[in-house]
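Data first, discussion second: the structure below is written as structure tokens.
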Amino acid sequence: MSDAASDKNTALMEKIVSLCKRRGFIFQSAEIYGGLNGCWDYGPLGAELKRNLKDYWWRKNVQEREDILGLDGSILTHQDVLKASGHVGGFSDPMCDCLLSKARLRADQIEPLSGTAFHYTGASHEESDWSVDRPFSVLIWGNQDENKARKTAKQYYAQFLSDKQIAPKKLELSGESSEELTETTKYNPDNGSLLTEPREFNLMFKTHMGASADDGDESAVAYLRPETAQSIFVQFKNVAETNRVKLPFGIAQIGKSFRNEINPRNYTFRSREFEQMEIEFFCRAEDGLALTDEWLERRLTFYEEIGIPREHLHVLDIPDGERAHYSQKTYDIEYEFPFGIQELEGVAYRGAYDLTKHKEHSGKPLDFFDDETKEKLIPHVVEPSAGCDRTILALICEAYDEETVTDEKGKEETRTVMRFSPRMAPVKVGVFPLLKNKPELVAKAREVQAMLTPHMNVFYDETAAIGRRYRRQDEVGTPFCVTIDFDTLGESGDELKDTVTLRHRDSMEQERISIAELRNFLLDAIA
RNA sequence: GCGGGUAUAGCUUAGUGGUAAAGCCCUAGCCUUCCAAGCUAGUUAUGUGGGUUCGAUUCCCACUACCCGCUCCA
């Protein structure tokens with residue numbers, strides 16, 4: 001991305017963030033106390049939008065399917081569940097920092113080096129009577145010169161100089177010694193500088209169960225779940241036994257998960273608390289790969305149905321070596337956010353890994369008896385796992401649009417429109433009396449509002465000029481507005497009596513529609 | 001976690017070591033017969049905590065949050 005494009009996208013993102021706050025989609029969590037890093041609250045419109053997304057996902061993936069069942073697991077999670085899944089112990093990456101460049105490296109990905117290490121105890125500068133005492137080491141390897149080690153060490157000690165006028169090369173190193181090392185991972189392969197000791201970064205939130213539990217009581221430890229998937233695996237047996245299921249079948253869940261992200265970024269995209277929409281689709285081993293492809297297509301269709309066109313999505317086929325070790329196939333579905341192409345959902349073929357692990361750790365039989373083949377097996381699983389908040393952010397970014405409109409006097413102005421699909425739009429229809437000081441119009445508008453309210457989210461507004469009310473609805477993405485005018489009351493004759501103006505958000509076009517037809521028209525449009 | 005930047009009203013911005021300004025928005029009233037009209041009135045702000053000072057929104061320090069670049073994303 002060029003700098004100019006990057007600036008433009010940053011500006012776009014700022015406008016989106018500003019609109020989200022102004023119109024009540026998303027607020028910073030605990031804003032009046034200075035905010036809570038990586039946490040966000042959905043305001044009234046955001047809550048509606050999110051509910052629409054989750055409801056539609058649930059309808060499509062649970063209610064309209066005979067082969068997928070719903071689950072709503074607890075967020076507090078037994079530590080043994082996460083030991084079995086590998087999250088305790090394995091869910092943290094030991095990291096090292098380069099003492100010279102401050103680069104952060106994953107300890108397990110450092111290339112082992114063999115060479116000569118030069119150790120120092122400190123450095124000084126005679127003329128200014130400055131000195132520093134702290135150990136440092138540099139590794140040189142291959143045919144690198146010893147002087148490279150000294151130069152690197154001087155650069156390291158130079159960061160402690162308060163007077164930046166002194167050049168690193170004028171420093172005197174003290175206590176030089178050397179040793180031969182083989183296959184060491186304590187040095188940065190880029191510059192030979194010593195690294196810090198590996199430090200653990202556990203990404204899970206840990207807590208203690210029981211009011212009297214003290215922090216040292218290991219048996220009282222519980223975690224906030226880092227993904228919704230585990231409760232599905234853990235409840236696999238209960239769901240399967242209580243529901244007369246046969247392979248293939250799925251268990252679906254929508255719920256909150258928590259990860260102590262080192263670095264939350266990009267608005268709500270990487271949050272510490274987030275909601276997932278996951279399916280674990282259990283199947284026979286031989287069907288796994290084909291079902292993974294099938295689910296990928298089905299999920300792409302879903303995104304189109306909620307208003308994210310295929311051409312703004314990217315499918316990443318995760319290559320060998322980059323997938324989790326138990327996965328034979330993983331697709332990432334990515335969206336073109338203004339801040340870059342980022343993942344919305346992963347569709348992963350996880351084999352029998354999860355159920356096998358829980359069977360081992362719990363000692364309970366998690367085998368499934370396949371009536372068709374008359375054999376016991378551990379089902380394989382395909383996991384379409386979508387980020388709910390990420391999808392909301394994608395919907396918002398996709399919907400945001402500015403267009404220039406010219407009024408009757410030829411004056412140009414910018415119209416901000418959220419082009420949500422009617423299905424996802426937080427408010428489905430605005431109902432307005434043309435004028436608020438005419439009681440007949442107001443009464444009729446209230447009637448229309450009352451008729452529609454049981455079926456959809458309706459917004460009634462009688463303040464300000466009609467045009468302003470339309471624009472206000474444009475900015476929150478309301479797809480339709482209806483206006484009750486004097487024709488509705490029959491002033492222009494019976495032909496127009498009980499008809500209203502129906503105004504379309506995207507085209508700004510208006511048409512007459514009878515009140516009798518209104519409900520069904522709108523229900524069809526938002527289905 | 002590192003480096004850089006930012007923080008004034010709901011939003012966008014101005015300004016000042018001594019009463020904080022404007023536009024938009026919003027609220028109420030009047031008016032108004034279809035795309036941000038007009039008039040009147042009104043609400044709302046210097047992120048948090050220290051320090052310097054007679055006095056700090058302004059200067060200094062720390063913290064917090066957000067943005068950008070690294071890093072990371074099982």
Side-chain angles (χ1 to χ4, degrees), chain A residues 3 6-7 9-11 13-15 17-24 27-40 43 82 85-93 95-106 108-109 159 196 199 201-204 226-227 259-267 269-270 322-327 332 339 342-343 346 387 405-409 411 413-416 432-438 441 463-475 481-489 491-492 500-505 508-510 512:
Chain A
D3 283 356
S6 169
D7 286 353
N9 289 329
T10 300
M13 207 53 217
E14 278 170 10
K15 282 190 206 175
V17 171
S18 165
L19 181 136
C20 283
K21 181 174 184 191
R22 188 169 72 246
R23 291 291 161 166
F27 305 123
Q28 193 178 8
S29 183
E31 191 190 63
I32 62 168
Y33 289 104
L36 184 60
N37 186 259
C39 296
W40 303 89
L82 297 165
S85 68
H87 287 93
V88 174
F91 193 54
S92 66
D93 301 317
M95 306 287 295
C96 299
D97 293 323
C98 173
L99 289 169
L100 181 62
S101 68
K102 308 298 177 198
R104 171 162 292 166
L105 305 161
R106 267 177 68 165
D108 59 335
Q109 290 179 353
Q159 25 177 1
T196 60
R199 281 183 296 164
F201 286 83
N202 198 311
L203 299 184
M204 285 199 295
E227 60 179 27
R259 293 181 198 179
N260 208 351
E261 296 288 352
I262 296 165
N263 194 355
R265 263 304 159 82
N266 288 330
Y267 201 29
F269 183 82
R270 179 165 299 128
E322 289 180 32
R323 292 189 300 268
H325 62 88
Y326 48 76
S327 178
D332 279 357
F339 47 80
Q342 299 278 352
E343 180 184 349
V405 294
T406 310
D407 68 14
E408 291 157 355
K409 296 167 198 130
K411 202 179 107 199
E413 59 187 4
T414 302
R415 183 173 82 116
T416 302
F432 315 139
L434 183 60
L435 300 174
K436 75 169 165 184
N437 59 358
K438 298 285 184 288
L441 291 177
T463 65
I466 192 72
R468 178 188 292 277
R469 281 178 265 168
Y470 287 150
R471 296 300 174 83
R472 280 202 281 234
Q473 292 309 304
D474 288 344
E475 216 180 35
C481 292
V482 303
T483 298
I484 286 72
D485 58 21
F486 294 96
D487 289 347
T488 313
L489 303 177
E491 279 194 5
S492 305
V500 293
T501 300
L502 177 71
R503 184 259 193 187
H504 296 262
R505 175 196 65 198
M508 296 168 68
E509 278 169 11
Q510 305 187 155
R512 288 308 285 195

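In the text below, chain A, chain B and the rest are named by the order of the sequence lines, each starting its count at 1. In what follows, every heavy atom counts, from backbone to side chain, and hydrogens, waters and symmetry copies are set aside.
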Open item on the list: Any N or O donor-acceptor pair under 3.5 Å from the base of B:C66 to the side chain of A:Gln28?
Closed with: no
Open item on the list: Closest approach to the side chain of A:Glu14, judged atom by atom: which nucleotide of B:U12, B:C67, B:A28 is it?
Closed with: B:C67
- [ ] Look at the side chain of A:Thr501 and the base of B:C34, then say whether one donor and one acceptor between them are separated by less than 3.5 Å.
- [x] yes
Task: Any N/O donor-acceptor pair, A:Arg503 side-chain to B:C35 base, under 3.5 Å - done: yes
Open item on the list: Side chain of A:Ala465 only, heavy atoms from C-beta on: which candidate in B:A37, B:A28, B:U33 is closest?
Closed with: B:A37
Open item on the list: Just N and O in the side chain of A:Arg468: are any of them under 4.0 Å from OP1 or OP2 of B:G38?
Closed with: no
- [ ] Look at the side chain of A:Arg265 against the base of B:G69 and say whether a donor-acceptor pair falls under 3.5 Å; ignore hydrogens and angles.
- [x] yes
TODO: Report which part of the nucleic acid A:Gly38 touches: base, sugar-phosphate, or nothing (heavy-atom distance under 4.0 Å, all strands).
DONE: sugar-phosphate
- [ ] Please work out if A:Lys21 contacts a base, only the sugar-phosphate, or nothing of the nucleic acid, heavy-atom cut-off 4.0 Å.
- [x] sugar-phosphate
Task: Separation of atom CE in A:Met13 from atom P in B:U6, rounded to whole Å - done: 22 Å
Task: Separation of B:C34 C1' from A:Arg471 CZ (nearest whole Å) - done: 12 Å
Open item on the list: Side chain of A:Asn37 only, heavy atoms from C-beta on: which candidate in B:A65, B:C26, B:C34 is closest?
Closed with: B:A65
Task: Toward the 5' end of RNA chain B, by each residue's nearest nucleotide, A:Asn437 or A:Asn266 - done: A:Asn437
TODO: Check whether the side chain of A:Asn263 and the base of B:C72 form a donor-acceptor pair under 3.5 Å.
DONE: no
Task: Candidates B:A37, B:C68, B:A36 - which lies nearest the side chain of A:Thr10 - done: B:C68
- [ ] Look at the side chain of A:Tyr267 against the base of B:C66 and say whether a donor-acceptor pair falls under 3.5 Å; ignore hydrogens and angles.
- [x] no
Task: Range-with-range stems of RNA chain B (Watson-Crick or G-U pairs under 3.5 Å, three or more in a row) - done: B:1-7 with B:64-70, B:10-13 with B:21-24, B:26-30 with B:38-42, B:47-51 with B:59-63
Task: Touch class at under 4.0 angstrom, heavy-atom based, for A:Asp485 against every strand present - done: base
TODO: Could you state the atom-to-atom distance from CG of A:Leu435 to P of B:A37 in whole Å?
DONE: 14 Å
Open item on the list: Parallel, tilted or perpendicular: which one describes the rings of A:Phe269 and A:Phe339, with boundaries at 30° and 60°?
Closed with: perpendicular
